[in-house]
Structures are given as structure tokens and as C-alpha cells.
Amino acid sequence: MAKEETKDFLKERAWLSGICDSQSTEELENKYDTWANSYDTDVQKDWSFIPVNIAKTLRQLLPDKNCSILDAGAGTGLVGEALAKEGYTNLTAVDLSEQMLAIAREKQVYQNLSLGNLEDSDILENSEKFDAIITAGVFAYAHAGEKVLNNLFSFLKDEKFFLLTIREDYRQQMQTALDQLSWQLVREESFPIYDEAKLMYLLAFKKKSQS
């Protein structure tokens, strides 16, 4: 029965297994480029509440609507839309896929959009640091790991916030890396995702002062 349920689950979401089976950054980029035009529709059922939850959590932690926010792995801009609805105005998007960013640009909620790999330390043109960094759907199989986590952490201001989503099984793999950074977990929310028993977590960390 479990195998049948798994087959049904993946049949309804062929995009999920395909995207998480990527073997290289180039392959992942190509898949997202191809997926861009139907992405918002495909993930609507499972994912639409997550950007809303992220925006509400940030509002509680960082109510200043002019704060600088990096949406890392912004995709088509679903998180940016949710943040804009909450009144946030200073948004920067970074993503690996040119076609996904093209969709995000059309939504007109980002002040800056950059194409690049989140593993690259020079992904941003300047050394700007942010009041908040958000990664939704970024830390996942075949996507981002410890190198991306450490790189993005360097772009976060002291005493400011890093929000990320991560599935329960992948969190177990990333837990040591999460624990090693100089920050404090200040908010944790869990919810079922994709009709599975495993959970998705929304975690909010506050970076400790380095002075």
C-alpha cells in the first residue's frame, strides 16, 4: 500500500522527483528554466501558504518595512509578492534560473534582481549586507547545502534575521551545519507538506553580534 501511495503522490507531482534528482548545477538550472512558465500553477496546491507564512513571520520579527531583504533562490517571486503585500519595499532577488527571474521581474516587487549561483561569494555586485535573508525551497536535495548556508550567512547583518524552509529529512542532514553558525533559533514552525507524513519546517534565526 505504501508503495502505491508513493507512486500516486509522485504521479501528481512529477516535477518534484525530477527537480530533486538533478545531478549538477547546470542540470538544475536547465530544469528550472524549462519549468518557469508553469511553476506558479504547478506548486499552487502545495506551496502557496508558505510565502504567506514567511511574510507574516518576518513582519513579527522585523516590522520595519524599509529594511533590506535578500530573497535568495527567489524563483518566480512568490515570496517577494507575499512580502510586498505586507508592505516591504526594499527587496533583492537572486536565482540560478534566468527564466524564473524573468517571471519574478514581471511581478514588479523587487528593486534588484541578480542571476547567479548561491554558492558564489561574489554573487552580489557589492558587499551589501541585509537585514533579512529568506530562502524558501532552497535547502533541499540536489539544491543547496552547507556551502550555500555559510555563504549567505556572510551577507546577513549582526542581530538580523535569516528565514529558511527545510523538510524534516533534509534538516537532519543539515543540522550540524545549522548548529555551527553564530546565530540563535528564535522561531520554529512545522507543517505537513505534499500530503506526506514528513514535515516542512520554517525556521527563523537571529545572527549574534560579532563585535
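Applying the 6.0 Å contact sphere to CD of Glu26 captures no more than 12 heavy atoms from other residues, nucleotides or ligands. Crowding of Glu159 atom CD: a count of heavy atoms from other residues, nucleotides or ligands under 6.0 Å exceeding 12.
Heavy-atom minimum distance, Leu101 versus Leu113: O-CD2, 3.8 Å. Annotation for Leu58 and Ala132: closest pair CD1-CB, 3.8 Å, computed over non-hydrogen atoms. What you find for Asp33 and Ser97 is that their closest heavy atoms are OD1-OG, 2.5 Å. Here the closest heavy-atom approach between residue Phe130 and residue Ile69 is recorded as CD2-C, 3.7 Å. Contact between Val109 and Ala84 at its shortest, heavy atoms only, is CG1-CB, 3.7 Å. The two residues Ala144 and Tyr170 come nearest to each other via the heavy atoms O-OH, 2.7 Å.
In this structure, CD1 in Ile103 is found 11.5 Å from CG in Asp95, a value given to the nearest 0.5 Å. Here the CG-CD distance, from Leu178 to Gln172, works out to 12.0 Å after rounding to the nearest 0.5 Å. In this structure, CG on Leu181 lies 9.0 Å from NZ on Lys207, to the nearest 0.5 angstrom. Distance check, rounded to the nearest 0.5 Å: CE of Met100 to CG of Asn37 gives 10.0 Å. The distance from the CG atom of Leu61 to the CZ atom of Phe205 is 12.0 Å, given to the nearest 0.5 Å. Atoms NZ and CZ, on Lys85 and Arg59 in that order, are 13.5 Å from each other to the nearest 0.5 Å.
Placement of Val52 and Leu163 in two distinct hydrophobic clusters is found when ILVMFWY residues are connected by side-chain heavy-atom separations under 4.5 Å, directly or transitively.
Aromatic ring orientation, Trp35 versus Tyr32: parallel (interplanar angle below 30°, classes split at 30° and 60°).
Counting only heavy atoms from C-beta outward, the side chains of Arg187 and Leu202 never approach each other to under 4.5 Å. A heavy-atom distance below 4.5 Å is not found between the side chains of Lys206 and Trp183. Side-chain contact between Asp169 and Gln173 is absent, with no heavy-atom pair separated by less than 4.5 Å. Within the 4.5 Å cutoff, no side-chain heavy atoms of Lys160 are placed close to those of Lys129.
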**Steps toward side-chain contact (heavy atoms from CB on, under 4.5 Å) verdict (Leu185, Leu203)** = CA-CA 7 Å; Leu185 180 63; Leu203 307 177; 4.0 Å; yes
**Pair Phe155-Glu128, side-chain contact (heavy atoms from CB on, under 4.5 Å): steps then yes or no** = CA-CA 7 Å; Phe155 291 110; Glu128 177 184 2; over 6 Å; no
**Message:** Let's go through Met200 and Asp46 carefully: what are the C-alpha distance in whole Å and the side-chain angles of both, what is the deciding distance for side-chain contact (heavy atoms from CB on, under 4.5 Å) to 0.1 Å, and is it a yes or a no?
**Reply:** CA-CA 11 Å; Met200 178 74 81; Asp46 296 309; over 6 Å; no
**Message:** For a side-chain contact (heavy atoms from CB on, under 4.5 Å) check, start with the C-alpha distance between Asp71 and Leu91, then their side-chain angles and the critical distance, and finish with the verdict.
**Reply:** CA-CA 7 Å; Asp71 186 1; Leu91 309 180; over 6 Å; no
Indicate every side-chain donor-acceptor pair of residues 147-154 with a distance under 3.5 Å to a residue at least two apart or in another chain.
unit_1 : atom_1 : unit_2 : atom_2 : d
Asn150 : ND2    : Glu146 : O      : 3.4
Asn151 : ND2    : Leu118 : O      : 2.8
Asn151 : ND2    : Asp120 : O      : 2.9
Ser154 : OG     : Asn151 : O      : 2.5

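The backbone N or O of Asp158 sits nowhere less than 3.5 Å from a side-chain atom of Ser209 that would complete a donor-acceptor pair.
Checking Thr92, Asn90, Asp131 one by one against Ser68, the side chain to side chain donor-acceptor pair (under 3.5 Å) holds for a single residue, Asp131. Remark: of the listed residues Thr135, Leu164, Val79, Val79 is the sole one forming a side chain to side chain contact (heavy atoms under 4.5 Å, CB included) with Ile54.
Annotation: cation-pi pair Lys65/Tyr88 present, NZ/CZ under 6.0 Å from the ring centroid and within 45° of its normal.
Counting only residues at least two apart or on different chains, the side-chain hydrogen bond (donor to acceptor under 3.5 Å, both in side chains) pairs with a member in residues 47-58 are Asn53-Glu189.
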